[in-house]
Amino acid sequence: MPVYLDYNATTPLSAVASDALLPWLGRPANPMSLHRWGRAAAMAIDHARAQVAEAMNWHREGVLFTSGATEANATVLSTGRWAVSAIEHPSVAVHGALFLPANAQGICLPEHAPDLSGMDGVSIMLANNETGVVQPISEWSAFCRARGLRLHVDAAQGPGKVSCKTDADFMTISAHKFGGPQGVGALLYRQAPPILLAGGPQERSRRAGTHNVAGIVGMGAAAAAITLQQPELRDRLESALIAQGGRVAGAGAERLPNTLCIGFDGIDAQDLVIALDLAGIGISAGSACSSGSPKPSTVLKAMQFPGSAVRFSLGQGTTAAEIDETIQATTRILGQLRYID
Ligand code: PLP
């Protein structure tokens, strides 16, 4: 049986989310309509908004549904000047007016920030998608508050892996990272965000366009079912691969319990990803977004991590047998690749 270990790229739709959303695919559900079908859809969206708010420790009036984290990030960051960490996902990095350095462990610390005069806000991710390194959000929050700067947190990799409780001004999430459907996410806000799409009155006129009712319902159900993953299986994989000469990116830092980003001297990450795929094991080299390209990962570069690295990211459904199979296959393939070299 193939083994999927790329949950940071996307997770399968959970049974709870699938059960909740499927009926909505067959209904005429426009929540802006005043009749019973419309009212039922509006109530379903309200319910999902409450589920997302509760799971994220947010107030429900501050939950704006979008098509995903990319759109939520763009909504906040498209106005004003933002200092962003050097390890952000491309959907944030593209809006950076200034970059904040990360240390060798992949942590972006406020004490290393350059002069931020002229900036309107700071954007720091909750946890990095490639290394899993969790960022010091409460320190950034204090830093921003003391300077009158807004704080945006891309929390796409947080739900189901780490506590997402912050007092940031804005936070973004994406349903398919925690068992919800693809193409739906949310911007969580405390201060009114800019208008992303003008037109109809949806989402308090901030994001016009008919709601993705089924997607939103699925996202709410997935959010309500969130439980935190445990690190045991990742740790077992990590110890076994360190014994094979692996070097962990972000070693010693607080990391997501499901993520292992690891490099091996003399082994090209792409070669390892391809060989593991042929063996039936799905992982990625750096992030999914950059894994199709031979360019080195900007995250690993920012950390001055030598060489390339692969990312194993485990999910709720990952079993001990799958991890044992992954350890055996990786060990065998490393031997073959080293022999070829
Ligand atoms: N931010 C982070 C940290 C991510 O890992 C991702 C997805 O890989 C995104 C944003 C973008 O999410 P989406 O593609 O669902 O918009």
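Every number for a ligand or one of its atoms is a count from 1 in the order of the listing. These values consider heavy atoms only, across backbone and side chains, with no hydrogens, waters or symmetry-generated copies.
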For ligand 1, find out whether one of its N or O atoms is nearer than 3.5 Å to an N or O atom of Gln157.
yes

Which atoms of ligand 1 sit under 4.0 Å from any heavy atom of Met125?
3 (C)

Quick check: Ala69 and ligand 1, any N/O pair under 3.5 Å apart?
yes

Would you check if Pro110 and Cys144 make a side-chain contact, meaning some heavy-atom pair closer than 4.5 Å?
no

So the atoms of ligand 1 within less than 4.0 Å of a heavy atom of His89 turn out to be 1 (N), 2 (C), 3 (C), 4 (C), 5 (O), 6 (C), 7 (C), 8 (O), 9 (C), 10 (C), 11 (C)

Would you call the rings of Phe170 and His152 parallel, tilted or perpendicular if under 30° counts as parallel and over 60° as perpendicular?
tilted

Side chain to side chain donor-acceptor pair (under 3.5 Å) contacts in which one or both residues fall within residues 135-145, not counting sequence neighbours:
Ser141-Asp167

Side chain, backbone, both or neither: which part of Asn129 has a heavy atom under 4.0 Å from ligand 1?
side chain

Contacting atoms of ligand 1, where contact means under 4.0 angstrom from a heavy atom of Asp154:
1 (N), 2 (C), 3 (C), 10 (C)

Quick one: look at Lys177 and ligand 1, take heavy-atom pairs under 4.0 Å, and tell me if it's side chain, backbone, both or neither.
side chain

Just list the side-chain donor-acceptor pairs under 3.5 Å for residues 15-24, sequence neighbours left out, or say none.
none

Should Val52 and Ile45 be regarded as members of a common hydrophobic cluster, given that ILVMFWY residues are connected when their side-chain heavy atoms come within less than 4.5 Å of each other, either directly or indirectly?
yes

Establish, for the pair Arg190 and Trp58, whether the NZ or CZ atom is under 6.0 angstrom from the six-membered ring centre and no further than 45 degrees off its axis.
yes

Do Thr330 and Gln244 get their side chains close enough for a donor-acceptor pair, meaning under 3.5 Å?
no

Contacting atoms of ligand 1, where contact means under 4.0 angstrom from a heavy atom of Ala156:
1 (N), 2 (C), 3 (C), 4 (C), 10 (C)

Quick check: Asn73 and ligand 1, any N/O pair under 3.5 Å apart?
no

Out of Gly68, Ser174, Gly158, indicate the one that has the non-hydrogen atom closest to atom 15 (O) of ligand 1.
Ser174

Side chains of Ser85 and Glu88: donor-acceptor distance under 3.5 Å anywhere?
yes

Which of the numbered atoms in ligand 1 are under 4.0 angstrom from any heavy atom belonging to Ser91?
10 (C)

